[in-house]
Structures are given as C-alpha cells and as structure tokens.
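One structure below.
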Amino acid sequence: MSLSLPRHRRQAVPDSDLTAAADRYSKEDKGEKKDGQIEKGLRWQLPFLALGLLRHMSASSNIIHDCDEVFNYWEPLHYLLYKSGFQTWEYSSEFGLRSYLYILFHMIVAGPASWFYKDEKVQVFYTVRLFLGLISTITETVLIVALSRKYGKRFATYTLAMLCLTSGCFFSSTSFLPSTFSMYAVTLSSALLLLEKYASAVSVAAVGVLVGWPFSILVFLPVSIYSLIRGNIKRIFLSGLITSICIIVLSVYADYYYYGKWTSSIFNLLKYNVLGGGESHLYGTESSTFYLRNGFNNFNFSFILALLFVAFLPITRKKYTPDLLVVVSPIYIWLGFMSLQSHKEERFLYPIYTLICVAATAVIDSFPDLFRDRFSSEESFLVKVAKVFRPIFLGLILSLSHSRTFSVLHGYSGPSVIYKHLEHHEDAKPGSTLCVGSEWHRYPSSFFVPSYVSEVRWVDDGFRGLLPFPFNSTLGGTASAPPYFNDKNKASDMQYLHDVESCTLFVELDLRRPYPSRGSDLSKWETLAAVHYLDREFSPAIYRSYFIPYLWHEKNVFGLYKLLRKIQPENVEQH
C-alpha cells in the first residue's frame with residue numbers, strides 16, 4: 001500500500017495583485033516615491049542650459065557636412081544680403097525647386113546681423129548658426145519636459161544626455177538644411193503630443209512639411225493621425241488646414257516675388273521627384289545598408305537600441321504604448337522608405353535623429369524589466385545589476401559619441417580654417433580671383449570670402465557634373481533662367497576658368513599622392529596657410545572614425561589643406 005501525500009500548489013496570484021504589481025513597476029520607472037507621492041518632473045532650466053551650451057559649441061565648431069547646404073541655402077542667403085553668391089540649377093526660375101520662404105525665415109536674423117557686422121560676413125554666418133542652435137535648444141527642451149512629465153526624471157535625464165552628446169544631434173542641430181528644420185518640427189510636434197496638445201502638434205507638423213521638407217510628411221503621419229484620433233477631430237483638422245493654407249499662400253507669394261512668375265516650389269519639388277522626371281540617381285547611389293551604417297556612425301550602440309524598441313514592447317507595452325510607440329514609429333517608417341531610394345545622403349535621416357535618442361533611452365531604461373518576476377515582490381539580483389548597468393551603458397554610448405565628434409571636427413575642419421585666413425591677407429590686390437579645383441564641394445560659402453576677392457572661380461580638375469554659377473543680375477538675378485543650367489547634371493563649358501594664370505589665390509587639398517600638387521611648384525605659388533586634413537582613403541576605419549588618444553595621430557594619415565598665392569613676376573626675380 002503506497003503512501004500518498006497531499007500536493008501543495010503555489011497559490012495563484014489574483015489579477016488585482018498583478019495589476020497592482022504592474023502599476024508599482026510603472027511608478028518606479030517613472031521616478032515616483034515609494035509612498036506614492038509623485039516627484040516633480042524636470043524643470044525647463046536644466047535642459048535649456050545644457051542643450052544651449054552644446055548647441056553653442058556646435059554652432060561655433062561644426063563643419064559643413066554637405067555641399068548642398070552651402071550652394072542651395074547659404075549661397076542664396078548671401079545673395080539676398082549682398083547681391084552676390086552662387087546659384088544652382090534648382091534655383092533657376094525654369095525649375096524653381098527650392099523655396100525662398102525657407103531662406104526668408106533665416107533672414108529674420110541674417111538681415112539685422114549683416115547691418116550690425118557690416119563687412120564681417122563670417123560673423124553673420126555664425127549668427128545664423130547660433131539662431132539655428134537656439135531653435136534646436138527650444139524644441140528639444142520642450143521634448144525633455146514632456147518626457148519628464150510622462151515617464152519620469154530618469155528617462156528625461158538620459159534622453160537629455162543623448163541629445164547633448166550624440167554625434168548625430170551635435171552635427172545636425174545647427175545645419176542650414178530643410179531636413180534639419182523638419183527635425184526641429186518633429187521634435188516639437190512629438191513633445192506636444194506627449195503633452196496632449198494635439199491641435200498644436202498637427203499645426204507644427206504642417207509647418208515642418210511645408211516650410212521644411214515636403215517629403216518628411218511620412219515622418220509626421222503617426223503623430224498627426226494619432227492626434228486626430230485622441231483629440232477633438234474638428235478642431236485639430238481645422239488647425240492643421242488653416243496652418244497649411246497660410247504657409248502655402250506665403251510660399252507661393254515668396255516664390256512669385258523671387259522667381260518672377262507664379263509658381264510653387266513645393267509642387268515643383270514633388271513633381272520632379274514623384275510625378276516623373278526626377279533623376280536623383282544622377283547625383284550618386286548607395287547600397288540598401290547605407291543608412292544602417294550611417295546611423296551607427298552617428299549614434300553607435302544607441303542606434304541599435306533604437307531599432308530594438310519594438311522588440312522590447314512585449315515587456316514594456318504597459319509603459320510605452322500607445323503614446324511613445326507613436327512618437328518613435330517614424331524611425332521605422334522613414335528608414336524603410338529612404339532605404340528603398342537609390343540616391344542616399346546622410347542629411348536625409350536628420351528628421352528622425354531626436355527620435356533615435358528617445359527610442360534608445362526607452363530601451364536602456366527598460367533593462368531591469370527583462371529580469372523582473374511579476375509573481376515576486378522582491379527585486380532579484382539581476383534586476384539590481386541591470387539598474388546599475390543602465391548609467392554605465394549610457395556612459396559608454398556618450399563616450400563613443402564624443403570620440404566620434406572630436407575625430408570629425410579635428411580631422412575635417414580644414415576648409416573653414418583655411419578660408420578664414422583670407423581675412424588676414426588684405427595685402428593682396430583688390431580684384432583678386434580665388435580659384436578652387438577639386439575642392440569645390442568643400443567650399444564653405446561666400447560668407448568666408450572677403451570683399452577684396454572679386455570672384456571665386458572653379459578650375460577643371462576632372463569633375464564632369466554641373467557646378468553652380470554666380471547669380472546673374474543681368475539675366476534677372478533670382479528670376480533668371482540661365483541657358484547653362486540643366487536638370488541632367490551635365491557639365492557646362494562655361495563653368496570652369498580655363499586660364500589658370502589669372503588666378504590670384506588658390507585653395508587645394510594636398511594628399512601627397514604620386515602626382516604633384518600645384519603648391520609643390522614653388523616657382524609659381526607660395527603657401528599662405530596650411531592645416532592638416534585627415535586622409536580618409538589611407539586611414540584605418542576605426543582610427544579615423546573615433547578619436548583614440550595617441551593612436552589617432554599615430555595611425556591616421558594626413559594631408560594638407562592649403563591656401564596658395566600666385567607669385568608675381570617681380571617676386572620671382574627676387575627669388
């Protein structure tokens with residue numbers, strides 16, 4: 001006869017207790033006190049001061065990462081201020097792809113700055129950059145305050161650290177680009193959604209699309225649709241509609257004033273790229289992994305964490321759905337859409353840069369949730385380790401980001417440094433001609449060229465695409481449709497200065513290749529200034545991408561970015 005003992009079952013946990021446990025975790029993650037008293041969220045002063053300091057640093061030290069920023073935005077602004085500057089085919093009235101309303105928005109600061117600084121055009125350049133940094137600071141401060149109220153101080157503080165120090169945000173925040181403007185709008189619109197100001201969120205989205213970049217409408221769709229669902233649909237719809245109509249009217253009028261005919265740059269851009277005729281592949285193509293590689297370069301491990309946000313939702317859905325999921329969902333929409341396009345550029349990802357920081361922070365903040373036992377009221381050892389690991393992993397991300405930023409700024413700042421040297425050589429005769437060869441795409445804008453230089457000319461060094469021409473006042477200035485422009489990226493015979501002997505000054509990059517540089521001919525050219533420039537082709541990827549003390553200088557290869565001056569005949573005789 002066998003002895004049977006009663007089986008003891010683990011007592012089932014009531015649903016009410018599970019709910020209470022979930023609420024307890026949620027409150028803990030939001031930074032609430034154990035006695036149930038809610039801590040106040042971050043006030044605006046700390047994020048505003050921290051972001052303001054870093055954006056000021058970006059405005060004063062950031063390089064220009066894309067020649068499109070110079071020729072499609074800085075140069076038209078320079079022309080509106082000083083009646084000189086380079087024009088691209090997109091600004092020909094025949095095509096009219098670029099909005100003058102976007103340029104005029106920056107005239108709010110550039111105009112008064114040009115009066116105040118008079119001949120100091122470089123100061124106007126940096127004043128506009130400071131203005132961009134201020135907008136970035138304001139929009140990101142609102143986002144931090146919204147995150148703090150919604151998800152607690154820790155979440156907001158971690159996101160603040162990401163926004164301040166990740167390389168992507170540091171570089172994009174003060175770039176004069178429509179994609180950066182859309183990033184400002186995405187940041188503010190997302191913050192307003194979290195603050196449950198749905199009508200304002202949709203209106204800001206409309207501004208971001210119509211003043212900034214029309215294609216960024218895909219980034220704003222989740223916030224706009226969710227706002228319509230959650231708020232007063234009539235009020236929100238009217239708010240977005242009225243804002244859109246006002247902006248379209250202003251845009252059309254600005255385009256009419258400058259292009260000299262009734263046209264819409266918004267419609268022209270969409271027509272060129274969507275409705276046929278657009279051939280953006282003429283300006284370069286990249287593989288489908290381009291944005292994944294680029295995202296890691298600018299955000300390192302935080303980019304991977306941002307992509308893992310959806311994978312964490314089964315664990316964190318009580319905390320982050322639906323609001324935060326709606327906010328960060330454009331990361332996946334935009335990455336998927338842009339990766340399908342053949343023509344890819346780093347700046348195309350700017351609209352989602354701040355969202356990457358938010359999504360990555362959400363994953364870091366959720367590390368302990370991976371190890372929590374919902375049936376136990378006691379924290380396990382792994383949960384405690386995960387809590388300690390959060391700031392350590394954040395510190396690793398920020399350290400790598402700072403290393404990346406430092407490497408880029410010190411490796412590639414040669415162009416702006418060399419062009420600033422022009423200010424110190426007014427002994428050159430008035431009417432001097434500054435020539436640029438293969439380095440045309442690193443030209444930092446006419447704001448860096450002093451008045452004693454009468455013209456900047458391109459010299460043929462093998463490039464076969466269409467280059468910008470000076471705005472032609474004789475043909476109508478901004479209203480002109482010069483015959484030498486085309487939308488096929490075909491070079492014009494008129495774009496180059498063929499008589500190199502007429503060059504007074506020359507800017508070149510000497511990478512010390514087997515073929516001689518112009519500066520090596522000491523009988524014709526003297527070097528006025530030279531700075532080191534990182535040779536990307538011959539420097540190992542890990543050492544050129546991240547600044548590693550001692551090894552950065554030792555392992556990388558450097559060329560010289562030079563400002564040359566033509567030796568006059570009388571000086572040759574003296575030599």
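Throughout, numbering of the chain's residues begins at 1 and tracks the sequence.
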Are [X] and [Y] close enough for a salt bridge, meaning some N to O gap below 4.0 Å?
{"X": "E69", "Y": "R347", "result": "no"}
{"X": "R544", "Y": "D535", "result": "no"}
{"X": "R98", "Y": "E90", "result": "yes"}

Among [options], ring pair (Phe, Tyr, Trp, His ring centres under 6.0 Å) partner for [X]:
{"X": "W213", "options": "F220, Y184, Y350, F348", "answer": "F348"}
{"X": "F176", "options": "Y102, F125, F181", "answer": "Y102"}
{"X": "F296", "options": "Y546, F290, F301, Y291", "answer": "F301"}

>> Counting C-beta onward and ignoring hydrogens, is there a side-chain heavy-atom pair between L192 and Y198 closer than 4.5 Å?
In response: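 Not in contact.
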
> Passes side-chain contact (heavy atoms from CB on, under 4.5 Å), W334 versus L355? Steps please.
Replying inline: CA-CA 11 Å; W334 195 239; L355 304 185; over 6 Å; no

> Measuring from F171:CZ to I63:CD1, what's the distance to the nearest 0.5 Å?
Replying inline: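 With rounding to 0.5 Å, CZ (F171) is 6.5 Å from CD1 (I63).
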
> Once you round to the nearest 0.5 Å, how far does CD1 of I315 lie from CG of D369?
Replying inline: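 Nearest 0.5 Å value for the CD1-CG distance: 7.0 Å.
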
> Given the rule in the side-chain hydrogen bond (donor to acceptor under 3.5 Å, both in side chains) test, do R55 and T137 qualify, once you have shown the distances and angles that lead to the verdict?
Replying inline: CA-CA 7 Å; R55 298 302 172 251; T137 299; 5.2 Å; no

Heavy atoms of other groups near [X] [atom1], more than 12 under 6.0 Å:
{"X": "K197", "atom1": "NZ", "result": "no"}
{"X": "I233", "atom1": "CD1", "result": "no"}
{"X": "M107", "atom1": "CE", "result": "yes"}

> Will you find, in the side chains of R293 and S287, an N or O donor that is under 3.5 Å from an N or O acceptor?
Replying inline: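 Yes, because at least one side-chain N or O of R293 sits under 3.5 Å from a partner of the opposite role on S287.
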
> Quick check: does any side chain N or O of S539 sit under 3.5 Å from a backbone N or O of R536, one acting as donor and the other as acceptor?
Replying inline: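 A pair under 3.5 Å: no.
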
>> Restricting to salt bridge (charged side-chain N to carboxylate O under 4.0 Å, His left out), what partner residues turn up for R442, sequence neighbours left out?
In response: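 Testing R442 for salt bridge (charged side-chain N to carboxylate O under 4.0 Å, His left out), a comparison that skips the adjacent residues, returns E439.
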
>> S58 vs N62, test: side-chain contact (heavy atoms from CB on, under 4.5 Å). Steps then yes/no.
In response: CA-CA 5 Å; S58 174; N62 195 10; 3.8 Å; yes

> Please, which pairs that meet salt bridge (Lys or Arg N to Asp or Glu O under 4.0 Å) have at least one residue in residues 212-238, sequence neighbours excluded?
Replying inline: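 Matches after skipping sequence neighbours: R230-D323.
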
> T187 pairs by side chain to side chain donor-acceptor pair (under 3.5 Å) with which of T141, T139, T354?
Replying inline: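 Of T141, T139, T354, side chain to side chain donor-acceptor pair (under 3.5 Å) with T187 is met by T354 alone.
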
